[in-house]
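One structure is given here, and the rest of the page talks about it.
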Amino acid sequence: MIRMAAQRIALGCMLLVAASVLIFAGTQILPGDVAQSILGRSATPESLASLREELGLNKPAVQRYLDWLLAFLSGDLGTALSNGKDIGESVAGRLGNTLFLAGWAAAFSVPLAIFLGLLSVRYQDRTPDRMISGLSLASISLPEFFIGYLLIYFLAVKLQWFPSVATLNADMPLGEKLRTIALPVMVLTMVVLAHMMRMTRAAILNVMQSAYIETAELKGLTPFNVIRKHAFPNAIAPIVNVVMINLAYLVVGVVVVEVIFVYPGMGQYMVDHVSKRDVPVVQACGTIFAAVYIGLNLVADLVSIISNPRLRHPK
Amino acid sequence: MSDTLLEVRNLRIDGTVRPPGERPKDINIVEGVSLTLAPGRVMGLIGESGAGKSTVGLSTLRYGRGGLRLSGEIWLNGRNIQTISPGQLRDLRGREVTYVSQSAAASFNPSIRLMDQVIEATVLHKIMSRSEAQKRAVELFGALSLPEPESIGSRYPHQVSGGQLQRVMTAMALCPKPDLIVFDEPTTALDVTTQIDVLAAIKTAIQHTGVAALYITHDLAVVAQVSDEILVLRHGKMVEHGAVQQIIEAPKEEYTRALVSAHSIPHEEQAATDNPVLRLEDITASYEGKIQVLTDVTAEIHPGQTLAVVGESGSGKSTLARVVTGLLPPEKGRVLFDDQPLPPALADRSLEQLRELQMIYQMADVAMNPRQTVATIIGRPLEMYFGIRGAEKRRRVIELLDQIEMGENFIDRYPAELSGGQKQRVCIARSLAAKPRMIICDEVTSALDPLVANGILKLLLNLQTEEGVAYMFITHDLATVEAISDSIAVMYQGRLVRYGPKTEVLTPPFDDYTDLLLSSVPELRLGWLEGVVQNRKMESAGF
């Protein structure tokens, strides 16, 4: 089992390096370069050449990649080409904001999704199950910007319960912060809820077909205890899997939501710098996103290895 | 205590089937079943699959699989359990009545230790404290001759063998000291040599605890060993009820008589001819060069004759078939067909070589494309090997359907519209369509009910006489072997332990393994189990 886990971790690291290569290659393919976008209309061939020299853009791509990778590993994310600020510092604040938003969205959506999933199983094919499925499918079918604007229209503009713009700053008290991010949290919850709920339901229902569930029922356990003691522990692996994918989505996929609510997170930061052709920033953000994604999926893999009694207790 | 533990009056069980794209319709599963059982008595429920045996058994726990509806009266310990509340029902389940299922491997929760599962009901119903229950479980493990009774409970289900798991499940059923245990085919999934141990353990446990039991099985010989009386079911209705002796010695009903004589197909052994159609020379094979599965297997099959390959699961029988068909090229040795060596790998064989060697599988269900009609399935080899198309192909398919005693009206059906036996017949027709010299039959009757299996065996024998085709018949069922074979190869751990003409192989003196195998086959005779167990005890005691 430890060997399998080590394999997974090694694979995760390799995947991360591969992802960083892809991100680097992708930024190379983008038309134009940063020198051009900094100088704009005042660009002359000479000034372009000297700026490129100064920024190190003339070195071969492989060397630039390796330089960047080594610096990245030692914690130096470099400086943004467009404004000369330290990327590490800007990212730290932004990443904190993104994690804050994603964390609260997860704190609401994960327990809610699992609870609704359990409820759906308990009342399978009856009214509560149909209602839960219907509502959550409806919410996943609507694009997130649409839900976002709907919520802004009703909850911010008409009812004025929450602010429509989620501008966060560090010295707000926690309650104030939560009120500020209420709308984006709602949107994110609605977006990820259905997926997690449906998968929880499917995973447990799948287990409920097993003969050992019948055994438990014939021992006289209550329906809820059958699900809790016998079905849920065997459905953990697929549930953790889908939860992790959705957590990763909450961190990585919030760009649209951040833009709608003008939230100072990673997504906006990256989008801004893509349009400025600021390769180091895009690389840093992309790599962090990849790391989050790969890391969370790695956790899911490890949990499914650990939760498998055949691997935990070999013959 | 009254003299009636269980009384079922006029039980009727209905279900609803929902075929996709059609209106749900109600079907009747069981009708008019009545039975009474005194404390400590064992009743055998016997019948084919679909006869409603398990359904009747589970009704004593008021449990209907897949939403089956029970009606009628089920009196247990003096009250009609049809009318009790859900809470009272939960209290009955696991306290008064317990259940042992066919597949213990599937019926244990894979992520919970055996001990916790064994004592779960006992502790839940507050029959004993946790530590008392554990003590009882250990005693039961010992009584059921499980190895290391003290510590086996701390293992997980996948850490013990199938036969052991089945005994642990019996311990689980006995633990809460129930009044009634429902045994649902507890030995069917086991090897014949394992079955006898489990059977003996169950019988001893029933005798010692004085618990009453419903013993469900399709194997009359098995049920005769453990029951006091037998109830024969067919299509959800009662056929015959009587004491064991009466049922097996003087059955009244036609159907019961057919069940009792299911295995008596007369088949005279034929002498070997000079030129074998298939010859295996010193076959040694392994998977990925690691696990050696076959060691030095040499055997031959003569035209128009049957070689039965017998052994337990894991003995290498099916691997031998894979070598012959070329799916697994052997490490060493040759396969000769008509004295010509066959290329070891499937891909190197010619169409003609492929045609002459056909195969029929255990699971007819999965051996056919569910989206093709019988005409397409049987017509495919005709087209592939002989280029027969159109009306001519259809005519040949109908001929083949006649040969397998099914007839033209089945030609446009899909596999799902056929019964288990019919599916296997279609598979036979498909292999016959290629006009092969030899057919490998891999456990072709194992998944079928005795009477249906009987029909298939008779058909195979008739076809052999008509077409002169040779069979390599792989099976674990020794009764089938006697019925069909001309020569026998007994396999154990990848080696041939005994090989020769049928009469020779089945005549003593036996080697140890063949003796064990032959003496483990349940016989339809009272006292058989005790006799065998007694013999083995004496042998192991050194007599």
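Letters A, B, ... mirror the listed sequences (proteins, then strands); counts begin at 1.
With respect to B:E120 and A:K229, a salt bridge is recorded, a charged nitrogen being found less than 4.0 Å from a carboxylate O. For the pair B:E96 and B:K177, the salt-bridge criterion is not met [side-chain N within less than 4.0 Å of a carboxylate O]. For the pair B:D184 and B:K53, the salt-bridge criterion is not met [side-chain N within less than 4.0 Å of a carboxylate O].
Between A:W104 and A:F100, the ring planes lie perpendicular to each other; the angle is over 60°, past the 30° to 60° tilted range.
Looking at B:L89, there are no atoms closer than 4.5 Å to chain A (heavy atoms on both sides), in backbone or side chain. Looking at A:I213, neither its backbone nor its side chain comes within 4.5 Å of chain B, counting heavy atoms on both sides. For B:S111, the parts sitting under 4.5 Å from any heavy atom of chain A are the backbone and the side chain alike. For a residue to count as touching a neighbouring chain, one of its non-hydrogen atoms must lie under 4.5 Å from one of that chain's; by this rule B:Y63 touches chain A with the side chain only. With a 4.5 angstrom heavy-atom cutoff, B:R62 does not touch chain A via any of its atoms. Residue B:D91: no heavy atom, backbone or side chain, is found under 4.5 Å from chain A.
Side-chain contact between B:D26 and B:R69 is present, with heavy atoms from C-beta onward closer than 4.5 Å.
Within 6.0 Å of OH on A:Y65 lie more than 12 heavy atoms contributed by other residues, nucleotides or ligands.
For B:F183 and B:Y215, the ring centers sit closer than 6.0 Å to each other.
If you tally non-hydrogen atom pairs under 4.5 Å between each of A:H230, A:K219, A:E217 and chain B, the highest count goes to A:K219. Comparing A:A211, A:A231, A:S210 by heavy-atom pairs within less than 4.5 Å of chain B, the highest count is held by A:A211. Between chain B and the residues A:V207, A:T215, A:N225, the most heavy-atom pairs under 4.5 angstrom are made by A:T215.
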